[in-house]
Every structure is written in C-alpha cells, then in structure tokens.
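In what follows, a structure is listed as structure tokens, so that the remarks can point back to it.
Fair warning: this is a prediction, and the values are worked out from it, not measured in the lab. So that the names make sense, note that chain A is the first sequence line, chain B the second, and so on, each numbered from 1.
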Amino acid sequence: MATAREPLPQTASSLRFEIETGEHDDGLSVFVSIRPRLFRIACRMLGSAAEAEDIVQDVWLRWQFTNRSVILSPSAYLAITATRLCINAATSARVRRETYVGPWLPELVDTSADLGLAAERDEALKLAVLVLLEKLSPTERATYVLREAFDYTYCQIADILGLEEANTRQLVNRARKHVADGRFTRVSSAEQRRLLAAFLDAARQGDMAALEGLFAEDVTSYSGGGGITRSAGPGCRL
Amino acid sequence: MTLDWVETNGQAAVLVSRDGVPFGLTIDASAQGINEIMWFLRPSKLAAVSRSVQKVDPPGPAVS
C-alpha cells in the first residue's frame, strides 16, 4: 500500500496512467483492495445491498478528487469516508421511514454467492439484528457494526466517528445491550432451515396443530409491504 | 406456485412465486421454536435475491 513516504510502484500500467493523470493507478488498486470491506460495512449500516452499492460508488468518486499523496493510511481514510456517508444516509432514511406504511424490514441480501459477506462474523447481518439495529441512532449503529462485525478498536472507532474513546465505549455497550435484550439464543443454521421447511409444509397443508407446535409462545409475524403490495400474515395460506 | 431456497443474510430463506407474484419468507428461531416470521412483500427488497436465483441452483431440500 503506497503512502506519502513511499515511491509509487512503477508497474507498466501505472507508467501508462502517470503520463496523463499522475498516480491514477495507485488510487484504483488501493480502492479495489478495500472495496469489499466498504460494501460489507455499508450493508450492515443500511440493511440494503442497493444502498450499500451507492455508498461505495460515492466513496470512489470522492477518492478520485482526494489529494491521495497526503493520505498516510488509505484503508483507514476510505473506511472513515464510507462510515460517515452511511451515517448521513441512515439519518435521512430514518426520516423517510417515519412515513413508511407498516413495519420496516431490511432488504434480503444474498449471502450464498459472496463468500466475503459470510466470512466475517455476520451476526450484524442477521435479519433480526438488522431490525433491532434500525432502532439505534446511526452513530450508535456505526459503533456497534465497526466493533462487533469488523473488530475495529475503540480508539479506531473514536477516530472514524470523531468521538472520545470513552464515549465510544459507552455507545457500543448501549448498542450491545439493546441487541442482547431483543434476542433469544439462536438455533444452528441447520435447525433454522429445518424449522422453515416444517413451517412451509404445515402452512401448505393448512395443518394448524402442526403450525402451533412449531411456534414459540411469543411468536411475531412481520409483514413488510411498505404499503405497496397487498399484506399477508400467518393466516395467509401458502 | 414455485419455491426457491436461498441463503440470505446468512440464514435460509425461501422465495415464493404465487400466480407470478413473488415474495420472500424466512424465520428466526430459538430452542423454544419459531420466534419471528418475516414476510418480504415489497419488490425492491427482493430484487437483489431474485436476480441471483436465476444464476445458481437453489440449495437445500426440495419442499413438496
């Protein structure tokens, strides 16, 4: 990774770009290497792959207009930029959702194809956690995501968000407690799949007794149509 | 009605298409059983997953 103190690598492509745009190739290769991480942070901050993609594009545009020769740690700089853009986007999204019809649900994000999405500790991408995170302030949410999913230190998070370290600890603890209060001990992914298959079976056969046997006492049904489609619920026969 | 098993957000989910209208469904569970059933009806929340179903074979057991 090139910094202000190191000479630029003289590869054939960087020489080619250097004639017209100076260190263009350097900016691209650094960005490409950290791009997947920026996308994953944004996914957990916003609960939407499409919105996360917009953030990454925005970071790229800003990166091109940044004087990169004075940036000592491009990866830290890019993570800061992405996180701050996410906080802005999450803040305006909260305003929009105040007028959202029905309960808000995150977007389904396909994690089977992208190994990177599943590779990191992905508690923060679980739907139930995304729903809980949605109730935090964007800054609290950012501290939780950076600490829990990406293992940034409190000191790094404080730098990214422009906060005191002690304050950062407080925000992370609050967010952790909020998530822990709203959750139950999870079952394994095999058991989750088995229960979903059993639920589908029972629902399609209209077997109410079997359905009730699958439910915990405090079962909740969230139906996210945003007022655009018809609503459905547990009573909806598959 | 068609069912496609997908992995979303690190958990199993199904994409159901009934009379050509798609929706997504998944659950969260604890040792006590199913705690949350989530129905995804808004097309924009399904778009990313629907596209990937075209490319890969649906994993998981077939549900009859």
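- Panel note: side chain Gln192(A), backbone Gln11(B); no donor-acceptor pair is recorded below 3.5 Å.
- In plain terms, the two heavy atoms of Val219(A) and Glu36(B) that are nearest each other are CG2-N, 4.5 Å.
- Taking the side chain to side chain contact (heavy atoms under 4.5 Å, CB included) definition, one finds that Arg35(A) meets it with Phe31(A), Glu53(A), Val56(A), Gln57(A), sequence neighbours left out.
- Residues Trp39(B) and Ser221(A) come closest through the heavy atom pair NE1-OG, 3.0 Å.
- Nearest heavy atom pair, residue Ala216(A) against residue Asn35(B), reads CB-ND2, 3.6 Å.
- Going from atom CE of Met38(B) over to atom CG of Leu130(A) covers 9.5 Å, rounded to the nearest 0.5 Å.
- Atom CZ of Arg84(A) is surrounded by more than 12 heavy atoms from other residues, nucleotides or ligands within 6.0 Å.
- Taking all atoms of both residues into account, the shortest heavy-atom contact from Leu196(A) to Val14(B) is CD2-N, 4.2 Å.
- The distance from the OG1 atom of Thr26(B) to the CZ atom of Arg193(A) is 10.0 Å, given to the nearest 0.5 Å.
- Expressed to the nearest 0.5 Å, how far CG of Leu195(A) lies from CD1 of Ile27(B) amounts to 5.0 Å.
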